[in-house]
**Q** 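Mind having a look at this structure? Questions to follow.
What you are looking at is a predicted structure, and each value in this text was computed from that prediction instead of being measured.
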Amino acid sequence: MEIWCGSISERRAYSKEESLERLLSPEKASPEPQIDIRAAAIELGFASDGIDYNRRLRDIAIDLVKRQLEGMCTPQSDLMQMVESLDDLNVAINLIEERLYEWSLFYGMRCRGEELARALSGREGIGLVARSLLELTRAREDLEELLETRARELAPNLSAILGPVLAARLISRAGGLERLAMLPASTIQVIGAERALFRHLRGKAPSPKHGLIFRHPLIQSSPKRLRGRIARALASKLAIAARIDLYSGTIDPELAEALNKRVSQIRDRAMLSRREDK
């Protein structure tokens with residue numbers, strides 16, 4: 001019989017590394033009856049007494065959590081954290097911009113944003129806020145550039161269709177590329193429109209036609225009457241792109257071409273229908 005800190009059958013205590021490997025192992029729990037692990041650990045020589053056992057157990061627990069956290073640190077988790085950090089930076093920058101503008105009125109300034117921050121960066125007091133704003137703006141630019149690079153590496157097809165930043169946001173909102181790849185196109189279409197969807201389910205609003213993908217130029221540049229159909233076409237290609245990115249990782253240029261062709265068909269049919277109605 002084995003326990004996390006040793007083998008009773010071999011009358012041997014495990015080392016710290018062996019204990020960690022045992023705890024991280026996906027093996028099922030033993031069907032044998034539960035024993036007093038503390039007493040068994042002391043008997044095997046893993047610990048000298050109860051206090052020593054508690055100390056060793058604490059050390060093992062901390063190292064176990066560290067190992068598990070290291071296993072969770074993946075390129076995909078980094079990408080999702082970058083998206084959240086970019087949103088946090090946007091909020092912080094907007095707040096500081098408003099504060100700086102309000103403060104700058106005492107100095108008779110009438111510009112805003114980075115121009116205002118540069119103009120005030122050399123002043124005492126207000127210059128501290130102005131310089132902080134400039135630093136945060138540069139940090140946002142650097143993070144966005146890195147986010148685009150990582151998104152193209154992790155999801156080349158989604159990035160080709162949506163653009164890397166929007167692709168990263170879609171992955172993050174879905175809970176990861178694996179989960180996104182498992183979703184049907186109808187669900188991908190409304191990711192980010194959960195509130196509108198819940199209002200619709202309560203009978204208080206029409207069904208939402210799009211969520212995050214509304215930011216795509218093909219939807220924003222189309223008349224409102226066509227956005228629902230174009231969103232469905234876009235979502236269907238995104239569902240395929242997510243699965244290719246997950247299982248293959250190679251870019252398929254035909255996806256974007258097929259999407260543009262489908263959108264052209266939708267627009268042409270709508271134009272022909274309007275002509276016939278006249």
**Q** Kindly work out whether a path of hydrophobic side-chain contacts (I/L/V/M/F/W/Y, heavy atoms less than 4.5 Å apart) joins L100 to L95.
**A** no
**Q** Which pair of heavy atoms, one from M182 and one from Y247, lies closest together, and at what distance?
**A** CE-OH, 2.8 Å
**Q** Less than 4.0 angstrom from a charged side-chain N to a carboxylate O is my criterion; do E17 and R67 meet it?
**A** yes
**Q** Check the pair R131, R123 against side-chain contact (heavy atoms from CB on, under 4.5 Å), reporting the backbone distance first and the verdict last.
**A** CA-CA 10 Å; R131 290 192 294 273; R123 293 178 179 266; over 6 Å; no
**Q** Are I60 and D63 close enough, and set up right, to give a side-chain contact (heavy atoms from CB on, under 4.5 Å), and what steps lead you there?
**A** CA-CA 5 Å; I60 288 288; D63 286 345; 5.6 Å; no
**Q** So which heavy atom on R243 is nearest to which on P184, and how close?
**A** NH2-CA, 4.4 Å
**Q** State, yes or no, whether a side-chain contact exists between I219 and S222 at a heavy-atom distance under 4.5 Å.
**A** no
**Q** Check whether any side-chain heavy atom of R267 lies under 4.5 Å from a side-chain heavy atom of I230, and answer yes or no.
**A** yes
**Q** Heavy atoms, side chains only, cut-off 4.5 Å: are L154 and D245 in contact?
**A** no
**Q** Without swapping roles, check the side chain of N157 against the backbone of L255 for a donor-acceptor pair under 3.5 Å.
**A** no
**Q** Donor-acceptor check, side chain of S172 to backbone of R169, threshold 3.5 angstrom: yes or no?
**A** no
**Q** Is the shortest side-chain heavy-atom distance between R232 and Q189 below 4.5 Å?
**A** yes
**Q** Heavy atoms only: give me the nearest A13-G45 pair and the separation to one decimal.
**A** CB-C, 4.1 Å
**Q** Looking at E145, I want to see if its CD is surrounded by more than 12 non-hydrogen atoms of other residues, nucleotides or ligands under 6.0 Å.
**A** no
**Q** Which residue is it: L183, L180, I213? I am looking for the one with a side chain to side chain contact (heavy atoms under 4.5 Å, CB included) to L238.
**A** I213
**Q** Could you measure the distance from the CZ atom of R227 to the NE2 atom of H216? Nearest 0.5 Å is fine.
**A** 14.0 Å
**Q** For a 4.5 angstrom cut-off between non-hydrogen side-chain atoms, does L105 reach R110?
**A** yes
**Q** Kindly indicate, with the supporting measurements, whether the criterion salt bridge (charged side-chain N to carboxylate O under 4.0 Å, His left out) is fulfilled by D52 and R55.
**A** CA-CA 5 Å; D52 188 33; R55 180 182 61 80; 2.6 Å; yes
**Q** Output the distance between atom CZ (R140) and atom CG (D88), rounded to the nearest 0.5 Å.
**A** 12.5 Å
**Q** More than 12 non-hydrogen atoms from neighbouring residues, nucleotides or ligands closer than 6.0 Å to CD on Q220, yes or no?
**A** yes
**Q** Could you measure the distance from the NZ atom of K237 to the CD atom of E254? Nearest 0.5 Å is fine.
**A** 10.0 Å
**Q** Do the side chains of R138 and E141 get close enough for a salt bridge, i.e. N-O under 4.0 angstrom?
**A** no
**Q** Do R215 side-chain atoms and L166 backbone N/O form a donor-acceptor pair below 3.5 Å?
**A** no
**Q** Determine the minimum heavy-atom distance between A130 and A117, stating which atoms define it.
**A** CB-O, 3.3 Å
**Q** Apply side-chain contact (heavy atoms from CB on, under 4.5 Å) to L218 and L259, showing your working.
**A** CA-CA 10 Å; L218 286 176; L259 174 61; 3.9 Å; yes
**Q** Please determine if E114 and R118 form a salt bridge, counting it only when a charged side-chain N lies under 4.0 Å from a carboxylate O.
**A** yes
**Q** In this structure, would F106 and V129 fall into the same cluster of hydrophobic residues linked by side-chain contacts under 4.5 Å?
**A** yes
**Q** What's the spacing between I96 CD1 and L89 CG if we round to 0.5 Å?
**A** 9.5 Å
**Q** For the residue pair A151 and S159, what are the closest heavy atoms and their distance?
**A** O-OG, 3.1 Å
**Q** Nearest 0.5 Å, please: how far is OH in Y14 from CD in E21?
**A** 11.5 Å
**Q** A quick test of your reading: do over 12 heavy atoms of other residues, nucleotides or ligands sit less than 6.0 Å from CZ of R58?
**A** no
**Q** Using a 4.5 Å cut-off on heavy atoms from C-beta on, say whether the side chain of L147 contacts that of L86.
**A** yes
**Q** Mind checking whether I251 and L162 sit in one hydrophobic cluster, side chains of I, L, V, M, F, W, Y counted as touching below 4.5 Å?
**A** no
**Q** Cation-pi check, R38 to Y53: give yes when NZ or CZ is under 6.0 Å from the six-membered ring centre and within 45° of the ring axis, no otherwise.
**A** no
**Q** Grouping I, L, V, M, F, W and Y whenever their side-chain heavy atoms are under 4.5 Å apart, do L226 and L234 come out in a common cluster?
**A** yes
**Q** Could you check if a side-chain atom of E18 sits within less than 4.5 angstrom of a side-chain atom of R12, using non-hydrogen atoms only?
**A** yes
**Q** Test side-chain contact (heavy atoms from CB on, under 4.5 Å) on T137 and L133; report intermediate values, then the result.
**A** CA-CA 6 Å; T137 302; L133 178 59; 4.2 Å; yes
**Q** Could you report the tightest heavy-atom contact between S85 and L143, atom names first, then the distance?
**A** CB-CD2, 3.9 Å
**Q** Are L79 and L177 packed together at the side-chain level, in the sense that at least one heavy-atom pair is separated by less than 4.5 angstrom?
**A** no
**Q** With a 6.0 Å cut-off (strictly less than), is the heavy-atom count around CD1 of I62, excluding the residue itself, greater than 12?
**A** yes
**Q** Look up atom CG in N90 and atom CG in L136, then write down how far apart they are to the nearest 0.5 Å.
**A** 10.5 Å
**Q** With a 4.5 Å cut-off on side-chain heavy-atom distances among I, L, V, M, F, W and Y, is there a chain of contacts connecting L134 to I93?
**A** no
